[in-house]
Amino acid sequence: MDSAGVKICAVVPVYRHEKTSRHVVESLVNLNIPVILIDDGNAPEGHEILESVARDIPDVELVTHKCNRGKGAAMRSGMEAAVAAGFTHALQVDADGQHDMGAIPLFIKETQEHPDDLICGYPEYDESVPKAREQGRKITNFWVAIETLSLKIPDAMCGFRVYPLATSWPIMKCLRNNRMGFDIEMIVRLSWAGVKMRFFPVKVHYPKDGVSNFRMFHDNVVISMTHTMLCFGMLIRLPLILTRRLFKKKKI
Ligand SMILES: Nc1nc2c(ncn2[C@@H]2O[C@H](COP(=O)(O)OP(=O)(O)OP(=O)(O)O)[C@@H](O)[C@H]2O)c(=O)[nH]1
Ligand SMILES: [Mg+2]
């Protein structure tokens with residue numbers, strides 16, 4: 001694909017983050033990026049807020065789940081809407097406002113210059129980051145290095161990335177990972193599919209009164225199960241991954 005064909009939207013999944021979502025949506029629309037907002041089964045008051053965001057701000061489409069289905073399921077619904085609307089790329093942004101929106105112009109520029117690649121953020125935390133979350137990421141990144149047989153993925157959990165939909169959607173729509181393992185599984189599967197990735201830092205701040213949906217025990221169990229499944233997936237694909245590496249080396 002060349003840069004002229006690039007049509008980017010943002011996909012913002014929302015669960016219990018309706019209050020911060022307005023600012024996130026406004027920042028995106030101010031950069032001329034249309035937004036697909038997913039109400040992932042929020043309480044009626046939350047749903048009303050999201051409806052008013054979609055009504056007040058132009059270029060916002062609201063997709064609604066009647067009950068909470070998880071971040072992965074919300075992302076899939078948003079990406080499906082993006083594909084149906086004819087977008088070629090989707091910028092995934094969390095609704096909690098933790099990501100520095102100042103990084104977006106660079107991500108858009110990189111997408112236009114490398115439309116076939118995944119443009120992916122890796123977090124640059126300030127002192128507000130909970131230590132347990134930082135440790136959890138290190139463990140995940142260790143396992144992802146094994147699952148992809150590569151040290152090229154500095155972070156597999158960052159929810160700030162631009163997906164090229166032509167290669168990502170066929171993989172994403174088959175995923176059964178509805179919850180917190182979604183970002184990890186997507187990046188590992190895109191690596192197995194041979195999609196090139198470019199990583200850039202994104203500043204991340206955890207506000208004192210911020211809402212986190214991360215359930216320390218339950219989500220860590222889900223993430224561990226995701227890694228177990230991906231390790232087996234790597235073993236099955238081992239001949240393919242090694243052949244591809246060997247072939248690439250010979251070409252250079
Ligand atoms: N965890 C979670 N997030 C959801 C769900 N549905 C939609 N989301 C959205 O997915 C994004 C990520 O959720 P967060 O709770 O911030 O999870 P996280 O960023 O991994 O965790 P923190 O580092 O604690 O912020 C946010 O935009 C949520 O609003 C869900 O069922 N569970
Ligand atoms: Mg978050």
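Each ligand, and each atom within it, is numbered from 1 in the order the structure gives.
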Enquirer: Atom 18 (P) of ligand 1: which of R133, K71, R137 has the nearest heavy atom?
Expert: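 Result: the heavy atom closest to atom 18 (P) of ligand 1 is in R133.
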Enquirer: Mind checking whether V93 has an N or O less than 3.5 Å away from an N or O of ligand 1?
Expert: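 N/O-N/O distance under 3.5 Å: no.
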Enquirer: Between V14 and N42, what is the shortest heavy-atom contact and its length?
Expert: O-ND2, 2.8 Å
Enquirer: Are any of the N/O atoms on R69, whether in the backbone or the side chain, positioned under 3.5 angstrom from an N/O atom of ligand 1?
Expert: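 So ligand 1 has no N or O lying under 3.5 Å from an N or O of R69.
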Enquirer: Are there more than 12 heavy atoms of other residues, nucleotides or ligands under 6.0 Å from atom NZ of K19?
Expert: no
Enquirer: Quick one: do K138 and E134 make a salt bridge, cutoff under 4.0 Å?
Expert: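 No, K138 and E134 are not salt-bridged.
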Enquirer: Considering all heavy atoms of both residues, which atom of H89 and which atom of P164 are nearest to each other, and what is their separation?
Expert: CD2-CA, 3.5 Å
Enquirer: Number the atoms of ligand 1 from 1 as they appear, then name those within less than 4.0 Å of a heavy atom of N68, with their elements.
Expert: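 Near N68, meaning under 4.0 Å from one of its heavy atoms, ligand 1 has 30 (C), 31 (O).
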Enquirer: Under 4.0 Å, heavy-atom basis, I'd like to know which part of M157 is in contact with ligand 1: side chain, backbone, both or neither.
Expert: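 It is neither; nothing of M157 touches ligand 1.
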Enquirer: Between V24, N213, D94, N178, which one has a non-hydrogen atom sitting closest to atom 3 (N) of ligand 1?
Expert: N213
Enquirer: Do D56 and R22 sit within salt-bridge range, that is, some charged N less than 4.0 Å from a carboxylate O?
Expert: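 R22 and D56: salt-bridged.
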Enquirer: Report, in ascending order of atom number, the atoms of ligand 1 lying under 4.0 Å from any heavy atom of H17.
Expert: 14 (P), 15 (O), 16 (O), 26 (C), 27 (O), 28 (C), 29 (O)
Enquirer: Check this for me: does any side-chain nitrogen of one of R16 and D40 sit under 4.0 Å from a carboxylate oxygen of the other?
Expert: no
Enquirer: At less than 4.0 angstrom from any non-hydrogen atom of D40, what atoms of ligand 1 do you find?
Expert: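 In order of number, 5 (C), 6 (N), 7 (C), 30 (C), 31 (O).
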Enquirer: Below 4.0 Å, non-hydrogen atoms only: which portion of R16 touches ligand 1? Side chain, backbone, both or neither.
Expert: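 The answer is neither.
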Enquirer: Counting backbone and side chain alike, does D94 bring an N/O/S atom below 2.8 Å of the Mg ion (ligand 2)?
Expert: no
Enquirer: Are more than 12 heavy atoms from other residues, nucleotides or ligands located less than 6.0 Å from atom NZ of K66?
Expert: no
Enquirer: Quick check: does Y206 put an N/O/S atom under 2.8 Å from the Mg ion (ligand 2)?
Expert: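 Short answer: no, not a single N, O or S atom is under the cut-off.
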Enquirer: Would you mind running through ligand 1 and noting each atom that sits below 4.0 Å from a heavy atom of G70?
Expert: 5 (C), 6 (N), 30 (C), 31 (O)
Enquirer: Between D155 and R137, does at least one N-O distance fall below 4.0 Å, as a salt bridge requires?
Expert: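 Between R137 and D155 there is a salt bridge, with a charged N closer than 4.0 Å to a carboxylate O.
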Enquirer: Does only the side chain of V12 get under 4.0 Å from ligand 1, or the backbone, or both, or neither? Count heavy atoms.
Expert: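 Neither part.
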Enquirer: Hey, which N, O or S atom on D96 ends up closest to the Mg ion (ligand 2)?
Expert: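 Closest N, O or S atom of D96 to the Mg ion (ligand 2): OD2.
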Enquirer: Which of the atoms of ligand 1 are close to A95, meaning less than 4.0 Å from one of its heavy atoms?
Expert: 26 (C), 27 (O)
Enquirer: Has ligand 1 got any nitrogen or oxygen that is less than 3.5 angstrom from a nitrogen or oxygen of A74?
Expert: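 No; the residue has no nitrogen or oxygen that sits under 3.5 Å from a nitrogen or oxygen of the ligand.
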Enquirer: Inspect the contact between R76 and E80 and indicate whether a charged nitrogen and a carboxylate oxygen are less than 4.0 angstrom apart.
Expert: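 Here E80 does not pair with R76 in a salt bridge, since their nearest N and O are not under 4.0 Å apart.
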Enquirer: Do F107 and F160 make the cut of ring centroids closer than 6.0 angstrom?
Expert: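 Yes.
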